[in-house]
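In what follows, a structure is listed as structure tokens, so that the remarks can point back to it.
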Amino acid sequence: MPNGESVLEVGCAGGKAYEFLKSQNAVSDLTDYTGIDVSEKGIKNCVKNFPEANWINADLTSYKFDRKYDFTFERIAVHHMPNPLKI
């Protein structure tokens with residue numbers, strides 16, 4: 001991913017998607033990468049293992065973002081939330 005592009009991962013858990021994307025050179029330490037997850041334990045793991053990225057410990061359904069992202073994705077989180085189609 002070119003420098004300066006931003007990515008938001010919804011439901012980042014322990015950071016395995018970020019780790020995979022880095023291993024495939026889809027993102028780098030220069031990518032503006034942010035992960036959000038409700039799990040405090042998961043976010044602590046992300047901060048410990050991937051300090052170059054941004055990690056938010058919050059509930060997506062009530063969190064107010066103060067910015068926009070070039071790319072947003074989720075893998076296995078939204079279907080666990082109330083009203084997944086609304087999310």
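Bear in mind that the values here come from a model prediction, so they are computed numbers and not experimental data.
In this structure, the side-chain hydrogen bond (donor to acceptor under 3.5 Å, both in side chains) partners of Glu19, at least two apart in sequence or on a different chain, are Lys16. For Lys44, the salt bridge (charged side-chain N to carboxylate O under 4.0 Å, His left out) partners are Glu40, not counting sequence neighbours. Partners of Ala13 by side-chain contact (heavy atoms from CB on, under 4.5 Å), not counting sequence neighbours, listed by chain and number: Asp37. For the side-chain contact (heavy atoms from CB on, under 4.5 Å) test, residues two or more places apart in sequence or in another chain that qualify with Asn49 are Asn45. Every ring pair (Phe, Tyr, Trp, His ring centres under 6.0 Å) that Tyr63 has, sequence neighbours left out, goes to Phe65. In terms of the side-chain hydrogen bond (donor to acceptor under 3.5 Å, both in side chains) criterion, Asn57 has no residue partners (sequence neighbours excluded).
For the residue pair Ala17 and Glu9, the shortest heavy atom distance occurs at CB-OE2, 3.3 Å. What you find for Asp29 and Lys22 is that their closest heavy atoms are OD1-NZ, 2.6 Å. Summarising the geometry of Gly14 relative to Cys46, their closest heavy-atom pair is C-SG, 3.4 Å, with the distance given to 0.1 Å.
Residues Val7 and Asp32 have side chains not in contact (no heavy-atom distance under 4.5 Å, counting atoms from C-beta outward). Contact of the Trp55 side chain with the Phe50 side chain is registered, since non-hydrogen atoms from C-beta on lie closer than 4.5 Å. The side-chain heavy atoms of Arg67 and Thr34, taken from C-beta on, include a pair separated by under 4.5 Å. Between Ile43 and Ile56 there is no side-chain heavy-atom pair separated by less than 4.5 Å.
Side chains of Tyr18 and Glu52: a donor on one and an acceptor on the other come within 3.5 Å.
For Phe73, the CZ atom counts as densely surrounded, since its 6.0 Å shell holds more than 12 non-hydrogen atoms of other residues, nucleotides or ligands.
Cluster membership for Val38 and Val10, using ILVMFWY side-chain heavy atoms within less than 4.5 angstrom, is not shared. Linking Ile, Leu, Val, Met, Phe, Trp and Tyr whenever their side-chain heavy atoms come within less than 4.5 Å puts Val47 and Val27 in one cluster.
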